[in-house]
Amino acid sequence: MLILKGGTIVTLGEDCRVIEDGAVVIDGDTIAAVGKSGDILAKYGNGEGVTVKDLGGRLVMPGLLNAHMHFYSTFARGMSIAGPSPKTFKEILERLWWSMDKDLATEEELYYSALIGAIESVKCGTTALLDHHASFGMIDGSLDVLEKALRDIGLKGSLCFEVSDRWGPKARDTSIAENVRFIKKNKNDPFVRAMFGLHASFTLEDETVRRCVREAEDLDVPFHFHLAEGLADVTDARERGYKGVTDRLYELGVLTTGSLAIHGVHIDEPEIDLLAKCGVNAVHNPESNMNNAAGVPNVVGMIAKGVNVGLGTDGYTPSMLESAKVAYIIHKHERRDPTVGWTETAKMLFESNASIFSEHFGKPMGVIKEGAAADLVILDYFPPTPLIPQNFLGHLIFGIRDNAVNTVIVDGKVVAEDHVLVTMDESHVMSEAKRVAESYWSKRS
């Protein structure tokens, strides 16, 4: 049993509390108690096998949760695109991401790209994420390689492989089989779980989608897919005879309760109503949308209409703090309305992500309370102004930076401490990753 004492505890959750000189009791992979340090030590401090760690007044919060990530994007860092700059989002996909994922072909490439993403996520305070994978040079067994990276680092996650028709029937069939195999293997795993991955409507034929729906129904798992990230998705759905992208996926059976619709940049109000009706989660990735000039989704409208909107990074960054800061300001800027952003960002980061992960992993996450997952972040942040539940987001947006992440605990195990990863030799991983990336880049020259 581990007792963290002498910290400022921000519990989050429905009954959010800020506990000065607070303590958290961790028993195995679960939080056993939270309260004032004196009370906790009096009740638990004298038991056998108890370790007490003094936090020195540091801030403790639930681990950050990333609702959409792409580990395979790691090796794109610093990579240039040959020829003239892409003019549209579809050109960016075709000339960068699709050519990249087709060239990912070895276990070593997959492993180190995932390791780097996992390490950087942990050091930014993330304790769990939902990854959407593509490596059409190596499909069969690819998710096992990512799983190994997650377990080696100590980062909790859920994985899927994006099914697409863009590389032909053999790759499509193998992608479907990889989802099915991995879901069966990991469906009830407490640490690494699985969803059924789809790329996007415009790279999928109707019969492919129907096949995936049948498989997902038999396995009783949600989908993880991109929705109307670019206008090409909308145009394609209409050319196929549907009213729009969301309508197409609804008619084909993809919009199931608990599924993740990523982006939703180009959907209208009836489509938002449809997501709400079906209980589909949307996931906002503001920095990625801005980088691709894709547009700004109507997150304010989605939340107002009852859509559960989570927050992710789309592989653009490992940092959920960074994503939250941009989410907070982009809707103010887009709408020229200073009254929006606060409520929506708090709901996405603290409430919606917690509900998405808690439902998927079958255990309370994103909250510090008895019975919740022991996933915590200890921050070198000593509030210079009063800190209360109502203003915690203000401290996070304007005061807390990634370099404040001191210690990260996942499932009760210390993964990083005093700003250093403790599960692996980070410098060795970075050196090996560079070697693998150089070999990978040589395929593209």
Side-chain angles (χ1 to χ4, degrees), residues 1-65 122 125-128 154-156 190-191 346 349-351 353-355 357-359 361-393 395-396 400 404-420 422-423:
M1 183 177 288
L2 173 64
I3 299 177
L4 307 172
K5 78 173 186 75
T8 298
I9 315 295
V10 182
T11 65
L12 296 180
E14 292 182 0
D15 302 314
C16 181
R17 294 182 291 160
V18 175
I19 307 172
E20 301 284 351
D21 189 20
V24 180
V25 181
I26 296 174
D27 188 3
D29 61 1
T30 304
I31 295 171
V34 57
K36 298 290 286 187
S37 290
D39 297 335
I40 291 294
L41 290 172
K43 186 174 181 179
Y44 297 94
N46 297 317
E48 290 187 16
V50 175
T51 300
V52 179
K53 177 181 176 64
D54 194 315
L55 301 179
R58 289 180 175 84
L59 188 70
V60 183
M61 66 176 288
L64 294 164
L65 306 170
V122 165
T126 296
T127 54
L155 177 63
K156 198 177 295 183
F191 199 81
L349 184 64
F350 301 144
E351 297 178 31
N353 276 11
S355 70
F357 279 79
S358 298
E359 179 181 356
F361 282 85
K363 189 173 187 176
M365 295 174 67
V367 62
I368 299 177
K369 69 175 184 179
E370 182 179 345
D375 303 335
L376 306 170
V377 177
I378 301 169
L379 300 161
D380 290 335
Y381 182 70
F382 305 90
T385 56
L387 173 62
I388 58 177
Q390 292 78 10
N391 71 12
F392 177 58
L393 181 66
H395 282 270
L396 185 145
I400 299 175
V405 175
N406 179 290
T407 299
V408 179
I409 298 172
V410 183
D411 256 13
K413 300 179 180 65
V414 177
V415 180
E417 187 170 27
D418 293 329
H419 306 276
V420 177
V422 300
T423 50

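Along the sequence shown, residues are numbered consecutively beginning with 1.
- Residues in residues 365-375 take part in these side chain to side chain donor-acceptor pair (under 3.5 Å) pairs, two or more places apart or across chains: Lys156-Asp375.
- Across all non-hydrogen atoms, the minimal contact from Ala373 to Met365 is CB-CG, 4.0 Å.
- Atoms CG and CD1, from Leu4 and Ile9 in turn, are 7.0 Å apart once rounded to the nearest 0.5 Å.
- For the atom pair CD of Glu351 and CD of Glu14, the computed distance is 8.0 Å after rounding to the nearest 0.5 Å.
- Residues Pro389 and Cys16 come closest through the heavy atom pair CG-O, 3.6 Å.
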Worked verdict on Thr8 versus Tyr381 for side-chain contact (heavy atoms from CB on, under 4.5 Å)
CA-CA 9 Å; Thr8 298; Tyr381 182 70; over 6 Å; no
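- Residues Leu155 and Val415 fail the side-chain proximity criterion, which asks for heavy atoms closer than 4.5 Å.
- A search for ring-ring contact (aromatic ring centres under 6.0 Å, His included) contacts involving Phe361 returns nothing, not counting sequence neighbours.
- Taking both residues in full, the closest heavy atoms of Pro364 and Gly371 are given as CD-O, 3.9 Å, listed atom of the first, atom of the second, then distance.
- For the side chain to side chain donor-acceptor pair (under 3.5 Å) condition, the pairs that include at least one residue of residues 49-58, sequence neighbours left out, are Lys5-Asp54, Lys53-Glu417, Arg58-Asp380.
- The distance from atom CG of Asp418 to atom OG1 of Thr407, rounded to the nearest 0.5 Å, is 5.5 Å.
- Without hydrogens or angle criteria, Asn391 side chain to Ile388 main chain gives a donor-acceptor distance under 3.5 Å.
- For the ring pair (Phe, Tyr, Trp, His ring centres under 6.0 Å) condition, no pair includes a residue of residues 20-58, sequence neighbours left out.
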Pairs of donor and acceptor atoms involving the side chains of residues 21-35, under 3.5 Å and at least two apart or interchain, shall be tabulated with distances.
{"unit_1": "Asp21", "atom_1": "OD1", "unit_2": "Ser37", "atom_2": "OG", "d": "3.1"}
{"unit_1": "Asp29", "atom_1": "OD1", "unit_2": "Lys363", "atom_2": "NZ", "d": "3.3"}
{"unit_1": "Thr30", "atom_1": "OG1", "unit_2": "Lys363", "atom_2": "NZ", "d": "2.6"}

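- Remark: Val408 pairs with Val122, Thr127, Val405, Val410, Ala416 by the side-chain contact (heavy atoms from CB on, under 4.5 Å) rule, at least two apart or across chains.
- Taken from CZ in Phe392 to CG in Leu59, the straight-line distance is 5.5 Å, to the nearest 0.5 Å.
- Between the CD1 atom in Ile378 and the CG atom in Leu55 there is a gap of 5.0 Å [rounded to 0.5 Å].
- The minimum heavy-atom distance linking Ala354 with Gly366 is given by the pair CB-CA, 4.2 Å.
- With rounding to the nearest 0.5 Å, the separation of CG in Leu387 from CG in Leu396 is 10.5 Å.
- For the pair Thr385 and His395, the minimum side-chain heavy-atom distance is below 4.5 Å.
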